[in-house]
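Here is the structure we will look at, set down as structure tokens.
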There are 2 protein chains.
Amino acid sequence: MVRGSVTIRDVARHAGVSISTASRALGGGSASAKTRTKVQQAATALHFVPNTAAQQLITGRSNVVAIMITETPDFMFQDAFISSITSQLMNSFTKANLFPFLVLIAPNDAEGFARLLHNSRADGMVVVSFHYSEQFATVIEQFGRPTVFVGKPPLDMDYPYVDPDQLQGGRMAGQVLTARGRRHIAIIEGPTDMHSPNERNDRTTGCVRALHDAGLSPIATIPGPYTMRHGIEAAHEVLTEHPEVDGFFAHSDQIAAGVLHLLHQHDRHVPRDISVVGFDNFQVAGLVSPPLTTIAQPLNQLAEAATEMLCARLEQGQWPYRRKIFPVHLVERDSV
Amino acid sequence: MVRGSVTIRDVARHAGVSISTASRALGGGSASAKTRTKVQQAATALHFVPNTAAQQLITGRSNVVAIMITETPDFMFQDAFISSITSQLMNSFTKANLFPFLVLIAPNDAEGFARLLHNSRADGMVVVSFHYSEQFATVIEQFGRPTVFVGKPPLDMDYPYVDPDQLQGGRMAGQVLTARGRRHIAIIEGPTDMHSPNERNDRTTGCVRALHDAGLSPIATIPGPYTMRHGIEAAHEVLTEHPEVDGFFAHSDQIAAGVLHLLHQHDRHVPRDISVVGFDNFQVAGLVSPPLTTIAQPLNQLAEAATEMLCARLEQGQWPYRRKIFPVHLVERDSV
DNA sequence: CTGAAAGCGCTTACAG
DNA sequence: CTGAAAGCGCTTACAG
């Protein structure tokens with residue numbers, strides 16, 4: 001590992017074999033058992049560490065895989081979805097003997113993204129949080145190596161992906177609200193730039209369908225970032241313009257926490273006066289007051305599936321499947 | 001970027017010059033203005049992206065810098081200190097044209113650490129959260145490249161570092177408690193494995209000195225992880241064994257949040273009956289009830305200094321200085 | 001099973 | 001300023 005250190009040439013000499021034999025003995029090539037031990041002992045004795053740059057130059061493989069996140073570092077570490085899925089991905093890639101490289105970049109810095117991605121030397125990539133822009137789409141395309149999305153990619157980007165069943169999640173949220181007798185329901189959405197401009201958010205669509213089944217329509221649909229602040233501001237807006245509101249479907253627990261916070265400030269009792277449903281089932285869902293009824297998504301399964309897909313693609317040269325959708329389920333607490 | 005793609009040879013041919021001239025024109029070498037434009041145009045036209053593996057093989061430099069964190073991914077993303085310092089480091093390294101590689105590894109997996117570090121191809125490293133073990137110390141030593149610590153390294157590891165003034169921070173905490181008339185003060189420490197076994201925690205030492213100046217000693221000193229749970233359990237222990245307790249110094253805001261939580265459960269009023277001081281001044285300090293009086297440390301300055309030190313070492317071949325200590329300050333809220 | 005040779009894509013003395 | 005050549009440390013056909 002130290003600069004100017006021992007090379008395979010030294011190992012070969014020490015073991016009394018040629019360089020090519022040493023290389024084979026160390027790797028998977030053919031070599032007699034005797035030679036193999038001799039060479040491996042030499043390598044150990046000399047603390048030989050192969051030069052990854054040279055290996056990569058020959059084989060074209062780095063065993064590095066990029067995890068792409070278009071968020072500011074601050075947000076990434078505060079956001080439970082991203083940090084959690086990222087940590088799961090790092091775990092499963094490491095288990096698969098791949099080396100995760102975090103490509104963390106602000107949503108407006110496509111050039112920095114290209115540089116970082118290139119310098120990661122990655123063989124493949126998983127996109128965790130993608131805020132759409134043409135430049136970013138172009139960089140991913142030019143990357144030209146196997147790439148899988150966590151979350152459905154924008155319509156014009158045809159990449160394999162894993163996703164929780166968003167439609168079903170939205171439907172469950174709508175159903176639990178209407179079943180409770182709520183009739184004036186507002187939807188506080190996540191950001192709109194994570195899918196194509198003309199595409200509707202699946203969580204919203206699912207919810208709208210459930211409302212429709214009960215003869216209803218949402219009284220408001222307000223997009224924004226996955227933050228508590230967005231929840232607070234959106235709930236404020238709804239309360240002001242639609243004081244009759246009696247139900248909220250928030251697209252994340254964090255947003256729901258903001259909604260609860262505002263309702264509490266305005267002395268609207270949850271769940272007596274108003275019901276609130278979240279999405280994610282993260283830790284915060286159990287900590288807010290009242291504890292939040294929410295839709296749980298299986299993050300670990302998403303991460304594992306993404307890893308498996310990418311590994312298969314890297315090893316067998318083709319995707320085992322193009323997409324995998326995971327069921328979600330309702331976690332009932334006290335906010336409905 | 002695509003496999004089997006354009007090389008400098010293609011660029012040279014397209015520009016009508018030799019490979020060596022192309023290389024010089026693209027890099028910092030000598031070349032006529034005319035040649036330089038010609039080559040750069042060719043590179044752009046062909047979408048040339050230099051092969052970093054080849055560059056590294058020649059120059060011995062990758063421009064990658066490792067950020068080492070011996071924690072489980074889960075903890076890292078939940079811990080405000082680590083995630084915050086990491087995100088600041090990533091920012092400042094990126095600004096310095098270096099590529100941060102997160103080496104995130106469980107505290108017991110020294111072998112995995114060695115592999116990850118090696119595969120990062122890093123030119124240097126900054127150690128953010130170091131839980132001591134001989135194996136880890138050995139891996140860092142064998143890494144053999146410039147390494148700087150955030151936080152004072154264990155005594156037997158002589159690496160340059162940046163650190164907030166821990167001693168002064170502890171002293172401030174002690175002083176604000178004694179000034180408030182508290183006389184039965186417990187210290188809830190962070191982990192003990194982050195410094196050498198026979199070494200005392202500097203935050204504790206500072207606090208003990210302040211108590212000593214007031215003719216006091218701590219009634220208890222309880223180490224543990226930087227978590228809310230540790231705060232809860234330790235406060236419970238103190239309350240049980242030393243019911244006379246009237247002051248807590250928690251080594252992190254997170255621990256303090258746990259202490260506050262437990263005191264609330266046991267109907268001990270803060271700050272009327274008991275005072276609590278934290279450390280960090282993270283967001284949680286303003287959110288708990290009552291808002292927490294705490295010691296603020298300048299994370300961004302720590303990160304920037306670490307980056308500067310490492311950059312200087314990488315470019316000029318020597319450390320500009322071996323350590324840099326940053327002042328901390330007391331942030332008074334309502335818990336004392 | 002083993003060794004000599006070619007070559008991955010660059011950079012950098014060395015001559016001119 | 002420019003080109004031909006050497007070489008970074010490996011791996012992998014190719015012969016034997």
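On a predicted model such as this, the values are computed, not experimentally measured, just so you know. Naming convention: chains lettered A, B, ... in sequence-line order (proteins, then strands); numbering from 1 in each chain.
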Applying ring pair (Phe, Tyr, Trp, His ring centres under 6.0 Å) to A/F48 and not counting sequence neighbours gives none
Under the rule of Watson-Crick or G-U wobble with both distances under 3.5 Å, where | means paired to another strand and [ ] a crossing pair, DNA chain C maps to |||.||||||||.|||
Between B/L57 and B/S18, whichever has its closest DNA chain D nucleotide further toward 5' is B/S18
Item to complete: Ignoring hydrogens and angles, tell me if any N or O in the side chain of A/R322 forms a donor-acceptor pair with the backbone of A/D158 under 3.5 Å.
Response: yes
With a sphere of 6.0 Å drawn around CZ of B/R36, does it hold more than 12 non-hydrogen atoms of other residues, nucleotides or ligands?
yes
| said: Counting only heavy atoms not in A/R9 (residues, nucleotides, ligands), do more than 12 fall under 6.0 Å from its CZ? | reply: no
For B/E71 and B/H131: C-alpha separation, side-chain torsions, deciding distance, then whether side-chain hydrogen bond (donor to acceptor under 3.5 Å, both in side chains) applies.
CA-CA 8 Å; B/E71 305 282 356; B/H131 289 268; 2.7 Å; yes
- [ ] Would you check if B/M68 and B/F113 make a side-chain contact, meaning some heavy-atom pair closer than 4.5 Å?
- [x] yes
Its contact letters, B for base, S for sugar-phosphate only and - for none at protein heavy atoms under 4.0 Å, make nucleotides 10-16 of chain D read BBBB---
Could you check whether any side-chain heavy atom of A/I140 comes within less than 4.5 Å of a side-chain heavy atom of A/F149, counting everything from C-beta outward? yes
Rounded to whole Å, CZ of B/R121 lies from P of D/dG9 at a distance of 16 Å
query: How would you label the contact of A/S32 with the nucleic acid (heavy atoms, under 4.0 Å): base, sugar-phosphate, or nothing?
result: sugar-phosphate
- Should we count CZ of B/R115 as having more than 12 external heavy atoms under 6.0 Å? yes
